[in-house]
Amino acid sequence: MENKIINLGIFGFGCVGQGLYEVLNRTKGINARIKKICIKDPNKPRPIDASYFTTDKNDILQDPAIDVVVELINDTEAAFEIVSTALRNGKAVVSASKRMIAENLATLHQLQVENKVPFLYEASSCASIPIIRNLEEYYDNDLLNAVEGICNGSTNYILTKIFEENLSFETALEQAQKLGFAETDPTLDIEGFDPKFKIVILLLHAFGTFVKPEEVFNFGIHHLNDFDIQFAKQRGCTIKLIGNCRRQNGSVNAYVLPHLIKEHNLLYDVYNEYNGILLESAFTDKQFFVGKGAGGTATGSAVLSDISALLYNYRYEYKKIKQSNQPAFTNDVQLKIYLRYRTADQVHLADFYNISEKYESASYSYVVGVINLQKLKEAGWLKNKDVNILVLE
């Protein structure tokens, strides 16, 4: 596509779609223009001319003049249909739909191979942080040991307000929703599903390992209460929701869990809607990436970066899939955690390998000990609102 004007067909004109429109119009030197935008509700007021819009997906998918399909909708099934159809039609695709991508990674990879067209999705993982491209290009020969960090701007905003401004969970969540960092239904964010989808995507680009989202354990900040917050503060810590994938003993494990973070940790000072990603590798030790992880223009800039890359015929090469040392996925790993509960019958302490600390009171009790990740994944007692866990460093 080098040296030509790219005609874009966009699906969706919500927060990210409008952010893309804004950054595209403010950026000089990118030969791309919007030809058509497909939306669901033709009667909804829009900030740009009505001639851009259509409700017929085929006005984009079947238009030979459209070079790149940009998919920015919330409907996972519809998003997959759009992307797979576009790839089969020989069109390059850019997407920000982390759930759709995570749930269909193997199929989407195969469609790229079969149809010889690029599919880029930098915006799906950490918004403004170019983590996928770094994993693909810079770390293609470096032996990665771990990728971990804050990859959900909504929950990081909430936790920042709780610890820095002493706001309640409910007030902080409401602020995040008003600012567009969290959805009206915040379940995917606060229960850790959103960062899990991102970790599934990063697992592939970091280690060449395909993993289904249901294989990765996630537990968010939805059970967090004042007792947990005081526990963290008394130990000079803050709480961050962290996605982690790590290579150990020839395998790779992954999870999303709230962590107690001490001040020396680089993730400690990642505030508000920002994301922070730490990479550990054999040759470069630790490297740290930080940037906005939520918001229309932050995510729109990542989408625009993918569009710009297509001008130079860029595509993911998935080099680590072709290497001979892809680690198998496992949940057989030990974690040191804090477990808070109200009464002993609400938990199963026999699941722990060992318990190093125990506290009991009339209101809440807790233990600190080591437990297997698979045991946590299977633990029905985690569904109890009176029970919460935090990973300790």
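The figures that follow rest on heavy atoms only: side chains count, while hydrogens, waters and symmetry mates do not. Just so you know, these numbers come straight off a predicted model, no measurement behind them.
Residue I162 holds its CD1 atom at 8.0 Å from CD1 of I239, rounded to the nearest 0.5 Å. Atom NZ of residue K40 and atom NZ of residue K57 lie 13.5 Å apart, to the nearest 0.5 angstrom. Atom CD1 of I129 is separated from atom CD1 of I150 by 9.5 Å, given to the nearest 0.5 angstrom. Atom CG of residue L159 and atom CG of residue L167 lie 11.5 Å apart, to the nearest 0.5 angstrom. Distance CG/D59 to NZ/K35: 8.5 Å, rounded to 0.5 Å.
For K91, there are no salt bridge (charged side-chain N to carboxylate O under 4.0 Å, His left out) partners two or more places apart in sequence or in a different chain. Taking the salt bridge (charged side-chain N to carboxylate O under 4.0 Å, His left out) definition, one finds that E174 meets it with K178, sequence neighbours left out. The side-chain contact (heavy atoms from CB on, under 4.5 Å) test applied to N58 returns D56, L61, Q62, not counting sequence neighbours. Remark: E148 pairs with R246 by the salt bridge (charged side-chain N to carboxylate O under 4.0 Å, His left out) rule, at least two apart or across chains. Contacts of K319 classified as salt bridge (charged side-chain N to carboxylate O under 4.0 Å, His left out), with partners at least two apart in sequence or in another chain: E137, D140. In this view, N275 satisfies the side-chain hydrogen bond (donor to acceptor under 3.5 Å, both in side chains) rule with no residue, not counting sequence neighbours. With sequence neighbours left out, K233 forms a side-chain hydrogen bond (donor to acceptor under 3.5 Å, both in side chains) with N166.
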Go through the steps to decide whether E393 and N265 satisfy the test side chain to side chain contact (heavy atoms under 4.5 Å, CB included), and finish with yes or no.
CA-CA 9 Å; E393 292 185 298; N265 192 311; 2.5 Å; yes
Given the rule in the side chain to side chain contact (heavy atoms under 4.5 Å, CB included) test, do Q326 and F207 qualify, once you have shown the distances and angles that lead to the verdict?
CA-CA 6 Å; Q326 297 101 325; F207 300 109; over 6 Å; no
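V370 belongs to a hydrophobic cluster whose remaining members, ordered by chain and number, are Y353; membership requires side-chain heavy atoms of ILVMFWY residues under 4.5 Å apart, directly or through intermediates. Cluster partners of Y255, using a side-chain heavy-atom cutoff of under 4.5 Å among ILVMFWY residues and allowing indirect links, are F217, F219, L257, V333, L335, I337, L339, Y341, V347, L349, F352, I355, V367, I371, L373, L376, W381, L382, V387, I389, V391. Think of F193 as one node in a network of Ile, Leu, Val, Met, Phe, Trp and Tyr side chains linked at under 4.5 Å; its network also takes in L188, F197.
Under the 4.5 Å side-chain heavy-atom criterion for ILVMFWY residues, a single connected hydrophobic cluster contains both F163 and L392.
I82 pairs in a side chain to side chain contact (heavy atoms under 4.5 Å, CB included) with only one of the listed residues (L87, V69, D75), which is V69.
The ring pair (Phe, Tyr, Trp, His ring centres under 6.0 Å) contacts involving residues 23-60 comprise F13-F53, where partners must be two or more places apart or lie in separate chains. Applying the salt bridge (Lys or Arg N to Asp or Glu O under 4.0 Å) test to residues at least two apart or on different chains, the pairs with a partner in residues 297-318 are R133-D306.
With N115 contributing its side chain and V117 its backbone, the two residues share no donor-acceptor pair below 3.5 Å. Judged by distance alone, the side chain of T155 and the main-chain N or O of I190 form no donor-acceptor pair under 3.5 Å. With hydrogens and angles ignored, the 3.5 Å screen pairs a side-chain donor or acceptor of S124 with a backbone N or O of Y121. A donor-acceptor pair is defined here as one N or O able to donate and one able to accept, closer than 3.5 Å; such a pair exists between the side chain of D67 and the backbone of N7.
The aromatic rings of Y318 and H109 stand perpendicular to each other, their planes meeting at an angle above 60°, with 30° marking the opposite boundary.
For the 3.5 Å distance criterion, the side chains of S305 and S308 fail to qualify, holding no donor opposite an acceptor.
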